[in-house]
Colleague: 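My structure is below; once you've seen it, I'll send some questions.
Only a predicted model underlies this, so the values are computations on that prediction, with no experimental measurement involved.
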2 protein chains.
Amino acid sequence: MALVDATDRKILDLLQQDAHLTIQDIGRKINLSKTPVHERIKRLEREGVIERYVTLVDKKKLGNSLMVYCQVTLDRQTRDAFTAFEVDVRELPEVLECNRVSGTFDYLIKIISQDMDTYNHFYQEKLSVIPGTLHISSFFVMSEIKNSTLVPV
Amino acid sequence: MALVDATDRKILDLLQQDAHLTIQDIGRKINLSKTPVHERIKRLEREGVIERYVTLVDKKKLGNSLMVYCQVTLDRQTRDAFTAFEVDVRELPEVLECNRVSGTFDYLIKIISQDMDTYNHFYQEKLSVIPGTLHISSFFVMSEIKNSTLVPV
DNA sequence: TGTGTTTATAGGAATATTTCCTATAAAGAA
DNA sequence: TTCTTTATAGGAAATATTCCTATAAACACA
């Protein structure tokens with residue numbers, strides 16, 4: 001049998017939208033008793049299909065009103081240069097996402113910050129000082145249209 | 001009193017990392033009985049500081065191995081053109097994130113797809129056909145370095 | 001075909017958690 | 001001071017998870 005069957009996908013679809021659904025709730029929605037629902041969820045956790053349960057909060061209400069994308073280019077495109085940059089960038093709590101991409105720059109990173117002063121400080125003191133960084137180009141988010149964690153199942 | 005005090009921030013920090021922590025667990029970690037922890041969480045939910053509880057899943061194990069960023073430029077930068085594009089893009093489950101940004105293009109969107117064939121189909125049939133779209137430039141994610149939902153508190 | 005094994009499910013019982021209720025202590029207002 | 005408000009604590013009821021046993025269907029194999 002496949003790693004994830006149709007029933008698993010239904011469960012995952014529901015849990016992705018609301019991690020606080022009870023096993024009974026899920027069972028009711030997909031016409032299954034609590035035992036198989038419970039066992040399937042535990043199996044999906046064991047297999048790593050379910051990675052974690054998290055709480056999403058309102059950034060702005062916590063004082064983080066500025067979101068910025070940066071295109072980062074390193075001075076050398078070697079494996080060691082990539083690794084060194086990645087180790088450093090992972091440590092920065094302001095960096096929510098970092099992906100190495102194809103194209104005219106190396107990394108696209110998403111940064112959250114309180115305001116422009118805070119961002120400027122972060123940019124000058126924490127981001128642009130990472131060894132190997134050659135060029136950084138910032139794009140400021142003016143309006144957040146969509147931000148979903150829901151992977152199609 | 002402020003909307004969110006120091007105790008609230010401790011609770012939010014813990015819940016952001018693990019939505020399945022029990023109220024008792026949280027109370028133990030911050031030296032508080034279950035009642036105030038429970039009341040604070042309910043208040044944070046009511047006030048919208050806590051937006052939702054979600055389950056994060058392994059994209060690749062569910063068959064979504066390709067992640068792509070697109071820079072989208074519209075043919076006109078009017079309010080109505082923006083609104084129309086945003087309504088359409090919000091409906092696409094492949095689009096996990098969409099932000100309107102400053103700079104030489106209008107939107108930066110993050111797309112998840114099974115593989116290149118699926119992405120090509122999405123690109124040709126669903127993305128590039130959105131009315132008002134002038135230019136799309138794709139950047140393929142080669143390596144995911146960091147992907148966090150943890151907002152600094 | 002028949003038998004034993006595996007797999008998925010159901011439902012009750014024990015355990016744990018959330019939710020509700022009452023009570024206490026500290027801080028601030030009249 | 002005295003009353004009110006706010007934050008906390010802890011017990012009890014309601015709810016959920018977890019564990020246990022049992023049943024039914026699918027499958028392998030002699």
Side-chain angles (χ1 to χ4, degrees), chain A residues 1-64 148-153, chain B residues 1-64 148-153:
Chain A
M1 199 192 72
L3 188 73
V4 180
D5 70 8
T7 303
D8 290 336
R9 287 176 191 272
K10 285 186 200 167
I11 293 172
L12 289 170
D13 184 46
L14 291 167
L15 277 179
Q16 278 196 92
Q17 298 182 57
D18 184 1
H20 270 15
L21 280 175
T22 70
I23 290 173
Q24 270 187 22
D25 289 338
I26 295 169
R28 246 190 304 275
K29 284 172 194 285
I30 65 174
N31 290 313
L32 215 52
S33 73
K34 59 186 161 32
T35 309
V37 175
H38 181 250
E39 283 181 359
R40 282 168 182 272
I41 291 172
K42 290 299 157 194
R43 195 193 71 239
L44 291 166
E45 289 173 357
R46 266 199 316 277
E47 286 170 345
V49 178
I50 290 177
E51 289 179 340
R52 56 202 313 218
Y53 304 96
V54 303
T55 302
L56 302 184
V57 301
D58 187 319
K59 292 186 280 291
K60 291 186 183 172
K61 287 183 176 155
L62 290 167
N64 295 94
S148 170
T149 57
L150 206 131
V151 172
V153 293
Chain B
M1 199 190 74
L3 188 72
V4 179
D5 70 7
T7 304
D8 290 336
R9 286 175 192 273
K10 284 186 201 167
I11 293 172
L12 289 170
D13 184 46
L14 292 167
L15 277 180
Q16 278 196 93
Q17 297 181 57
D18 184 1
H20 270 15
L21 280 175
T22 69
I23 291 173
Q24 268 186 27
D25 289 338
I26 296 169
R28 248 190 304 273
K29 283 172 194 284
I30 65 173
N31 291 313
L32 213 54
S33 73
K34 58 185 163 35
T35 309
V37 175
H38 181 251
E39 283 181 0
R40 281 166 183 273
I41 291 172
K42 290 300 158 193
R43 195 193 70 238
L44 291 167
E45 289 173 358
R46 266 199 316 278
E47 286 170 345
V49 178
I50 290 177
E51 289 179 341
R52 55 204 312 218
Y53 303 96
V54 303
T55 302
L56 302 183
V57 301
D58 187 319
K59 291 186 281 290
K60 291 186 183 172
K61 287 183 176 155
L62 290 168
N64 295 94
S148 170
T149 57
L150 206 131
V151 172
V153 292

Colleague: Would you please confirm or rule out a distance under 4.0 Å between OP1 or OP2 of D:dT18 and any side-chain N or O of A:His38?
Modeller: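 Answer yes for this pair, as a side-chain N or O of A:His38 is under 4.0 Å from OP1 or OP2.
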
Colleague: Quick one: do A:Arg43 and A:Glu47 make a salt bridge, cutoff under 4.0 Å?
Modeller: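 Judged by the 4.0 Å cut-off on N to carboxylate O distance, A:Arg43 and A:Glu47 do form a salt bridge.
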
Colleague: Separation of B:Leu21 atom CG from C:dA16 atom P, in whole Å?
Modeller: 17 Å

Colleague: Look for any protein N or O under 3.5 Å of an N or O in nucleotides 8-15 of chain D and output each such pair with its distance, or none.
Modeller:
unit_1 : atom_1 : unit_2  : atom_2 : d
D:dT8  : OP1    : B:Arg40 : NH2    : 3.4
D:dT8  : OP2    : B:Arg40 : NE     : 3.2
D:dT8  : OP2    : B:Arg40 : NH2    : 3.4
D:dA9  : OP2    : B:Ser33 : N      : 2.4
D:dA9  : OP2    : B:Ser33 : OG     : 2.6
D:dA9  : O5'    : B:Ser33 : OG     : 3.4
D:dA9  : N7     : B:Thr35 : OG1    : 3.3
D:dG10 : N7     : B:Thr35 : OG1    : 3.3
D:dG10 : O6     : B:Thr35 : OG1    : 2.6
D:dG11 : O6     : B:Lys34 : NZ     : 2.6

Colleague: Less than 4.0 angstrom from a charged side-chain N to a carboxylate O is my criterion; do B:Arg28 and B:Asp25 meet it?
Modeller: yes

Colleague: Would you kindly give the CZ-to-P distance between B:Arg43 and D:dT5, to the nearest whole Å?
Modeller: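 Spelled out: CZ on B:Arg43 to P on D:dT5 is 18 Å.
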
Colleague: Quick one: B:Ile41 CD1 to C:dC20 P, roughly how many Å, whole number?
Modeller: 14 Å

Colleague: Report the distance from atom CD1 of A:Ile11 to atom C1' of C:dA8, rounded to the nearest whole Å.
Modeller: 12 Å

Colleague: Whether B:Lys42 contacts C:dT19 is assessed here as follows: a side-chain N or O lying under 4.0 Å from the phosphate OP1 or OP2. Is that the case?
Modeller: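 True: B:Lys42 side-chain N/O within range (under 4.0 Å) of C:dT19 OP1/OP2.
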
Colleague: Return the value, rounded to whole Å, for the distance between atom CZ of B:Arg28 and atom P of C:dT17.
Modeller: 8 Å

Colleague: NE2 of B:His20 to OG1 of A:Thr55: how many Å apart, nearest 0.5 Å?
Modeller: 10.0 Å

Colleague: To the closest 0.5 Å, what do you measure between NZ (A:Lys34) and OG1 (A:Thr22)?
Modeller: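 Rounded to the nearest 0.5 Å, the NZ-OG1 separation comes to 11.5 Å.
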
Colleague: Looking at A:Glu39 and A:Lys42, does any basic side-chain N land under 4.0 Å from a carboxylate oxygen?
Modeller: no

Colleague: Say whether, by atom type as modelled, one donor and one acceptor occur between the side chain of B:Gln16 and the main chain of B:Val151 under 3.5 angstrom.
Modeller: yes

